J.: 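Mind having a look at this structure? Questions to follow.
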Amino acid sequence: MYARGFRLIAFGLLLVLFDIHVFLNNGEVDILPDWIGYLLIISGSVALSQSLSVNYFSRAKMPAVLLLAVYLFQVFSKNTIEMNETPSFLPIGLFSIITSILSIFLVYYILKGTEQYALERGNSSLVLAAKRDRTVYLIINIVILFSTQLVFVIGSSLLAPIMFLSVISNIVIMLFIIYLLFSAAKLPQQPASNSDCES
């Protein structure tokens, strides 16, 4: 049960991270749609929140559900605009801000839950890895969030190198997080005893 939950979240994050589009006669098709990834993350969070005493996975469900809703609303709005050729009543940048903030909360709760899970099983290396990945992820995404807003103030030419490095760094840290979740799935199902933790 635990392993399945961690794997579902890992595969979900992988689908959200990578966008692969195929251009057909009828238009552009996303063969790895984000909504499938969000559903996997929600399913994994539900499975872990029902099986573990760690409540961080229960908290992760809400930002995942909201991210799914924002994604579907964005797709619906885009299709409506294309069909009716009318401007959207919400600025495009607002979707990016909301998605960034919700993603920060989602990954934070997932990594806190993974850290607690590893701590209960006496795996100190995985605990340190979860703390490291959480810190790096937060720093990178806060930089990205503020950089995208500063573009409108000081222009993109000055911030382009910072944004490029931040985006690349975000992809790298997300791959580390996904690997961490797969590693957590391999941990023992039962918490370690006090003697195991001390040893």
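Values in this document were obtained by computation on a predicted structure and should not be read as measured data.
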J.: What's the spacing between T114 OG1 and I9 CD1 if we round to 0.5 Å?
T.: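 The CD1 atom of I9 is 6.5 Å from OG1 of T114, to the nearest 0.5 Å.
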J.: Check L68, V70, V65 against L102 for a side chain to side chain contact (heavy atoms under 4.5 Å, CB included) and give me the one that passes.
T.: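 The single option meeting the side chain to side chain contact (heavy atoms under 4.5 Å, CB included) with L102 is V70.
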J.: Does F182 form a side chain to side chain contact (heavy atoms under 4.5 Å, CB included) with I178? I'd like the steps, not just the answer.
T.: CA-CA 6 Å; F182 280 120; I178 291 168; 3.6 Å; yes
J.: Checking N123 against S125: is there a side-chain donor and acceptor pair closer than 3.5 Å?
T.: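 There is such a pair between these side chains.
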J.: Closest approach of V46 and K61, non-hydrogen atoms and distance?
T.: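 Closest approach of V46 to K61, heavy atoms only: CG2-CD, 3.4 Å.
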J.: Which heavy-atom pair separates Y71 from Y38 by the least distance, and what is that distance?
T.: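 Looks like CB-CE1, 4.0 Å.
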J.: Mind listing the closest non-hydrogen atom pair of L180 and A130 along with its distance?
T.: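 That closest heavy-atom pairing would be CD2-CA, 3.7 Å.
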J.: With no hydrogens and no angle check, is any side-chain donor or acceptor of R121 less than 3.5 Å from a backbone partner on P188?
T.: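 Yes, R121 side chain to P188 backbone: donor-acceptor pair under 3.5 Å.
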J.: Out of curiosity, I177 CD1 to I110 CD1, how far, rounded to the nearest 0.5 Å?
T.: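 Rounded to the nearest 0.5 Å, the CD1-CD1 separation comes out at 8.5 Å.
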J.: For the OG atom of S49 and the OH atom of Y56, what is their distance to the nearest 0.5 Å?
T.: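 The OH atom of Y56 is 15.0 Å from OG of S49, to the nearest 0.5 Å.
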J.: Taking all non-hydrogen atoms of both residues, which atom of G5 and which atom of A47 are closest, and how far apart?
T.: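 Distance-wise, the nearest heavy atoms are CA-CB, 4.4 Å.
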J.: Identify whether F18 and L15 are in the same connected component of the hydrophobic contact network (ILVMFWY, side-chain heavy atoms under 4.5 Å).
T.: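 Linked within one cluster.
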J.: Mind running side chain to side chain contact (heavy atoms under 4.5 Å, CB included) on F176 and R132 for me, showing each step along the way?
T.: CA-CA 10 Å; F176 273 100; R132 176 204 63 202; 4.0 Å; yes
J.: Does N141 form a side chain to side chain contact (heavy atoms under 4.5 Å, CB included) with S100? I'd like the steps, not just the answer.
T.: CA-CA 7 Å; N141 279 268; S100 297; 5.9 Å; no
J.: Please tell me whether Y179 and L128 are part of a single hydrophobic cluster in this structure, the criterion being side-chain heavy atoms less than 4.5 Å apart.
T.: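 In one cluster: no.
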J.: Within this structure, what is the CG-OG distance for the pair L17 and S103, rounded to the nearest 0.5 Å?
T.: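 Output value for this atom pair is 11.0 Å.
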J.: Counting the benzene-type ring for Trp, do F11 and F6 have ring centres under 6.0 Å apart?
T.: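 No; F6 has its ring centre 6.0 Å or more from that of F11.
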J.: Assert yes or no for the condition that the ring centre distance of Y2 to Y117 is strictly below 6.0 Å.
T.: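 Centroid distance Y2-Y117: below 6.0 Å, so yes.
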J.: Could you grab the distance from atom CD1 of I140 to atom OG of S169, nearest 0.5 Å is fine?
T.: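 One finds 4.5 Å between CD1 of I140 and OG of S169.
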J.: Could you tell me whether the side chain of N170 and the main chain of S166 form a donor-acceptor pair under 3.5 Å?
T.: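 Between the backbone of S166 and the side chain of N170 there is no qualifying donor-acceptor contact (under 3.5 Å).
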J.: If you look at every heavy atom in A64 and I42, which pair is closest and at what distance?
T.: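 Taking A64 first and I42 second, the nearest heavy atoms are CB-CG1, 3.6 Å.
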J.: Output yes when a side-chain donor or acceptor of T99 lies under 3.5 Å from a complementary backbone atom of S96, and no otherwise.
T.: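 No, T99 side chain to S96 backbone: no donor-acceptor pair under 3.5 Å.
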J.: Go through it in stages, so that I can follow the logic: the residues are M174 and L13, the test is side chain to side chain contact (heavy atoms under 4.5 Å, CB included), and I'd like the CA-CA distance, side-chain angles, deciding distance and then a yes or no.
T.: CA-CA 8 Å; M174 284 303 301; L13 291 175; 4.1 Å; yes
J.: Taking all heavy atoms of L126 and all of A118, pick out the closest pair and write down the distance.
T.: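 Heavy atoms of L126 and A118 come nearest at CB-CB, 3.8 Å.
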J.: To the nearest 0.5 Å, what is the distance between CG (L111) and NZ (K131)?
T.: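 One gets 12.5 Å once the value is rounded to the nearest 0.5 Å.
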